[in-house]
Amino acid sequence: MVLFCIPCLVLISYFAILSIFFPKYRGYIKEGWRCFLDKIRRRKCVASFDSRMRHAVSMWFSEKGMPSIGKFLYDERKFNITLIVVGIVFTTLSIFLFILLINFLTSPSCPGPVCTVE
Amino acid sequence: MLNRNEKSEKMRRIYMDYAATTPVDSRAFEAMKPYFMTNFGNTMSLYSIGREAKRALEESREKVASLIRAKKNDIIFTGSATESNNLALKGFAFANKKKGKHIIISSIEHHCVLDSAHWLEKQGFEVTFLPVDKYGLIDPKQLEDHIRKDTILVSIMHANNEIGTIEPIKEIGKVCHDYDVCFHTDAAQSFGKIPIDVNKMNIDMLTANAHKMYGPKGVGTLFVRQGIKLDPLLHGGGHEFGLRSSTVNVAGIVGFGAVVDIAKKEMDSEAKRLSKLRDKLIEGILKIDNSYLNGHPTLRLPNNTNFWFAFIEGESLVLHLDMKGVAASTGSACSSESLEPSHVLMVIGLKPEQAHGSLRLTLGKQNKNADIDYVLEVLPRIVENLRKISPFKK
Ligand SMILES: Cc1ncc(COP(=O)(O)O)c(C=O)c1O
């Protein structure tokens, strides 16, 4: 069930990063959050946030001369799976980078993430 | 990803869904204002602000009646066209059930008529759903064939809300009167857009509302010809000649009266202007490969266009038009769990996948020639790009 909500969370994170630089994207975070709450209650996303995003992304690829990627992402299931994969990859990467950063800050001489914090 | 698209189109906002609802005309808004905080009285009260409210109510009743050449006291104000249609069908059916239990409606009615009819079926009435031709037109001869001895009511809409087809109401009304059957028409889409004369058109009951003609939401009307018996749906204080109890929405009704006044003056010129824009839009859109017009080419509302595009989902079209600043609607209510193509499009002979590719653009007062040009510029590109990613196209 939690899987249904991951695409919304990924989109919220994407817009959260964008809105640091462009405040106009803050509106999408709110919409995404509402969509997330709808999904967690197993309802249809009221403002169609998820399908608007899917359409926007697939059309973007189509316009940029990559219609096969557009076609792939146009499929709701494939779009959601892609976002879930992206979400997992980014979370893993972030955790990895976070550990690296902590290690670097605590023991700058340590070369990798496996060093223990003393 | 979204920003470039949105940046370039940010300033442009074009509303082309006037069949769904319309903005309130500023003149009507001004007329309504005093009735919220100054003349806020209850029309049933005897003191001065109550009398002022009552005067305003009766003035609006007179205005609405005169637009359709009805008698003032045959106009009942309701809360919406949905309520008016429910009152017309259920109220008439129950008040006249001794005469018969057969009702005829068209198969392209708005859901508030269709669902009322289905509900009446559960209460023991028999309903015939009349088919239409490929344009959505009712054949009066076919209606005649379906009228039986126990037929008490025929309800056929004046103009269809999706495809805009205008029905031959005068002829339908004549058939009904020849057989002494009451004739109701839902004119929510045509009221204030094309002329209506309830006497010449043989109409016994007529539904309309304010929000489709630049008035406020939450106000409807039902014309009920003198002598026709209805059972009320709402019982209580006996407002609206005992047919619709509930404290009257004076401000809304004043707004309705005001837009009716405006329509009387502007209807003809606006219909001509919109017809020109509509025809230009139709001509332009039909140049797109594999695009087709739904509804009648000429017997249609001056502001209505409806198309279907092969290999495309209407929902996608609407979302992409929205990204380009154009508000439109589709005949398909498509959700991830259910696919429900419009009953109107199905009845006129479209296949489900064709109905899902439909797009309705309905025009109104704020639309100008430049808006049509803009739509004709962005829509072909959207269609082309959507077809590239369409799962329907091989
Ligand atoms: C033909 C028709 N009848 C009835 C209705 C219902 O109107 P209301 O919103 O006033 O209930 C509509 C609105 O879409 C309509 O188009």
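Naming: A, B, ... by sequence-line order, numbering from 1 per chain. None of these values were measured; they are calculated from a predicted model.
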- [ ] Using the side-chain contact (heavy atoms from CB on, under 4.5 Å) rule, take His55(A) and Met323(B) through it: C-alpha gap first, then chi angles, then the decisive distance, then the call.
- [x] CA-CA 10 Å; His55(A) 281 99; Met323(B) 287 173 209; 4.2 Å; yes
Task: Closest approach of Pro67(A) to Ile389(B) (non-hydrogen atoms, all atoms of both residues) - done: O-CG2, 3.6 Å
Just checking [X]: does its [atom1] atom have more than 12 heavy atoms from other residues, nucleotides or ligands closer to it than 6.0 angstrom?
{"X": "Lys351(B)", "atom1": "NZ", "answer": "no"}
{"X": "Lys30(A)", "atom1": "NZ", "answer": "no"}
{"X": "Phe129(B)", "atom1": "CZ", "answer": "yes"}
{"X": "Trp33(A)", "atom1": "CH2", "answer": "no"}

Straight-line distance of [X] [atom1] to [Y] [atom2], nearest 0.5 Å:
{"X": "Leu386(B)", "Y": "Met59(A)", "atom1": "CG", "atom2": "CE", "result": "4.0 Å"}
{"X": "Ile382(B)", "Y": "Ser62(A)", "atom1": "CD1", "atom2": "OG", "result": "11.5 Å"}
{"X": "Ser51(A)", "Y": "Leu319(B)", "atom1": "OG", "atom2": "CG", "result": "5.0 Å"}

Open item on the list: Applying side-chain contact (heavy atoms from CB on, under 4.5 Å) to Lys388(B) and Phe61(A), what does each step give before you reach the verdict?
Closed with: CA-CA 10 Å; Lys388(B) 281 189 207 157; Phe61(A) 281 106; over 6 Å; no
Task: Residues that Thr82(A) engages under side-chain contact (heavy atoms from CB on, under 4.5 Å), provided they are two or more places apart - done: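 Thr82(A) satisfies side-chain contact (heavy atoms from CB on, under 4.5 Å) with Phe72(A), Leu73(A), Val86(A) only.
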Open item on the list: Going by the rule disulfide (SG to SG under 2.5 Å), which residues pair with Cys8(A) if we only count those two or more places apart in sequence or in a different chain?
Closed with: none
TODO: Establish, from distance only, whether the side-chain atoms of Ser316(B) and Tyr74(A) form a donor-acceptor pair under 3.5 Å.
DONE: yes
Task: Under 4.5 Å from a heavy atom of chain B, the part of Ser68(A) involved - done: neither
